[in-house]
Amino acid sequence: MKKRLFILLVTFLTVSILTIACSSESGKNSHENGAETSGENEEIVDIEVWAVNEGFKAIDHGSPLYEFIVDKFGVGVISPYVEWNGGTGYLDQLNLRIAAGEMPDLFLPYKGIEYDLVNNGAIEDLTDLLPKYAPNLWELIPEEVWDTVRANDPTEEGRIYYVPGIRNYGITGGLIRKDWLENLGLSMPTTQEEYVNVLKAFKNDDPNGNGKQDEIPTGGRENARWMDHLFAMYGIAMYEGFPEWDIYDGELTYSAVTPNMRDALKFMSELYAEGLMDQETFLNDKQAWDGKINSGEVGNYFHWTETVYTRLPQIEASTGVKADISILPVPEVPRYQGFYSHEPTLGPQWVVRSGMEEEKLMATMKLLNGYANQENWEDIYYGVEGMHHKIVDGKRVALPEDKSTQQNMDVIKAYNHFSLLDFKSKLMLDAAGDEQMAYVEQGVRNMKENQKYVKVIAGNGMPESIYQDYPDIRSASTYLEYATKIIIGEYPIEKFDEFVDRWNKSGGEDVTKRAREWYVGVN
């Protein structure tokens, strides 16, 4: 059924784009268009929106991006700067606002917080609102996906409390400095043994050619985040450092408690002991790790494959080198089938605060309807002239990322929340100027190449409600404690068995039962 759902999803969205492209001149759907535009005398209603912001400027009333959104959708968006920091900073600030009774009007929930909000009546029931007031959004998402959202309703009444995301391609993968391989006369590694030899060469043989032993072979971030490539070769389902659910020994199982995980942690502890992993891995926050990658110090890392186009100009500015960051094929490990995890049905992207004034609620629906209209996506991609793009020979050309001057577009980037590989690739290439084209071409190449190594995991679409009453398991805190200490050598690998026992006794058995019941129900 999962394969069927995925195929339906891809077909539905692809047909939707083609249909819109072919019929945009017809001027049909006056109701939908009316929901997106405002009359000259209509009062603009402001709503507060929180989304991912990885260092860009806030959206204030009257600012350029505010006016862009007003012109495009007839709604004012206020979006303060909230430090993302891997999601932890955002969640901390969101919890503070919720506790103070000052919840944003429209926001990204994180780490299952939406289930508690539903149970407390804090977020709006969208079941009837979306089809009536945001038809573009309602029709964009296939019915099969809405069925999954209904099945995930914590009230068990089949209601819809969040807007899900969808994606038809695996977005994250291992990335490696191919130019470093070429400098050392090495081939792309395809086995674990070859991969380890490459890391040793990156550490010892001066691949950047500056005469110093200053290269970092590989690594990640605190709490074992963003180093999924080291787990992937062992067939471990994982999302940005958080273990996920997949089929092991014929049953749906949490990947953190499998023999696969034990062997992966043992392997990583050996890499760390040999200095082949960044010795500051478990101290690196997002800013520190990104800084090391973008300054050209890191040979191999894990991230969104397309984002190399933002890193390459920074590496060139720091080192003078035109780098080649390519996809790392998942290295083969005996007895294991490796893959990069892919979840086409994404988690919640938006929830709406309950109890707001009618005019604010309607403005929120209006924004969702307009941002989901694919006719708007090209304009959204280019953003504000002079800030996000410039005009060259009558053509819009995207400007390089500059967090010191650019406001945060993530609040309206629907093509990231409902993402198609071909659409996104074309958009990126069309927007690139001559000075950026080589960087963007690498990003598009990587997006497509990565699909050879991705797999849809069995836990795709699983609700966070399976963790109800077990917050430590939901946060993976016990796993993170043991994983970190095993990798840095503070714990021997034998402590892994203690972790599994502790996990099961602290609620893991109950959570596993719920997860397997959910899996049977949706398959």
Side-chain angles (χ1 to χ4, degrees), residues 52-56 82-92 110-111 171-178 180 195 198-199 202-203 207-208 212-232 238-243 264-265 268-269 271-272 274-319 321 323 325-328 340-341 401-404 410 439 442-443 446 450 476 479-481 483-485 487-488:
V52 175
N53 187 342
E54 297 189 312
F56 293 93
V82 181
E83 185 176 4
W84 180 248
N85 193 22
T88 57
Y90 175 89
L91 186 58
D92 288 344
Y110 192 65
K111 296 300 291 177
I171 198 167
T172 52
L175 295 154
I176 190 167
R177 288 289 298 269
K178 187 179 178 183
W180 283 13
Y195 174 69
V198 163
L199 296 185
F202 281 179
K203 179 177 186 289
N208 66 15
K212 303 175 183 178
Q213 192 173 332
D214 56 356
E215 295 87 348
I216 299 170
T218 194
R221 293 187 350 208
E222 57 190 345
N223 293 323
R225 298 287 310 281
W226 293 99
M227 41 196 274
D228 301 28
H229 60 299
L230 300 175
F231 296 89
M238 181 165 280
Y239 178 75
E240 298 177 3
F242 294 107
L265 293 176
M268 281 181 269
S269 70
L271 293 183
Y272 190 87
E274 293 184 52
L276 301 180
M277 280 180 65
D278 183 10
Q279 300 297 285
E280 296 179 334
T281 289
F282 297 96
L283 300 175
N284 289 331
D285 59 11
K286 172 179 169 52
Q287 183 177 9
W289 183 233
D290 280 353
K292 292 175 181 180
I293 297 169
N294 297 342
S295 63
E297 299 174 48
V298 179
N300 169 227
Y301 66 98
F302 180 88
H303 211 273
W304 286 30
T305 59
E306 63 202 66
T307 57
V308 297
Y309 77 90
T310 68
R311 300 187 187 277
L312 291 166
Q314 296 181 69
I315 291 173
E316 187 172 346
S318 296
T319 66
V321 173
I325 304 176
S326 297
I327 294 296
L328 171 70
Y340 295 131
S341 297
E401 183 179 283
D402 184 351
K403 295 178 180 179
S404 68
D410 277 335
Y439 308 138
Q442 279 197 41
N446 289 347
N450 194 50
Y479 158 76
L480 295 173
E481 173 193 345
T484 298
K485 291 181 177 180
I487 292 171
I488 66 176

Output, in order, the C-alpha distance, side-chain angles, deciding distance and verdict of side chain to side chain contact (heavy atoms under 4.5 Å, CB included) for Glu222 and Asn284. CA-CA 5 Å; Glu222 57 190 345; Asn284 289 331; 5.9 Å; no
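Distance check, rounded to the nearest 0.5 Å: NE2 of His303 to CG of Asp290 gives 5.5 Å. One distance of note links CD of Gln442 with CG of Leu312; it measures 4.5 Å at 0.5 Å rounding. Taking CD1 of Ile325 as the reference point, atom CD1 of Ile315 lies at 4.0 Å (rounded to 0.5 Å). Note that CG of Leu175 and CD1 of Ile327 are 5.0 Å apart. Values are rounded to the nearest 0.5 Å.
Between Trp84 and Tyr90, the two ring planes are tilted [angle within 30° to 60°].
Asp228 contributes a side-chain N or O that, together with a main-chain N or O of Gly241, makes up a donor-acceptor pair within less than 3.5 Å. Without hydrogens or angle criteria, Gln279 side chain to Tyr272 main chain gives a donor-acceptor distance under 3.5 Å. Judged by distance alone, with hydrogens and angles left aside, the side-chain atoms of Glu215 form no donor-acceptor pair with the main-chain N or O of Gly299 at under 3.5 Å. No donor-acceptor pair under 3.5 Å is formed between the side chain of Glu280 and the backbone N or O of Gly219. At least one donor-acceptor pair closer than 3.5 Å links the side chain of Asn53 to the backbone N or O of Phe56. Ser295 places a side-chain N or O within donor-acceptor distance of the main-chain N or O of Lys292, the cut-off being under 3.5 Å.
A side-chain contact (heavy atoms from CB on, under 4.5 Å) with Met277 is found for exactly one of Leu230, Asn300, Ile488, Leu199, namely Leu230.
At a threshold of 4.5 Å between non-hydrogen side-chain atoms, the residues Phe302 and Met238 do not count as touching.
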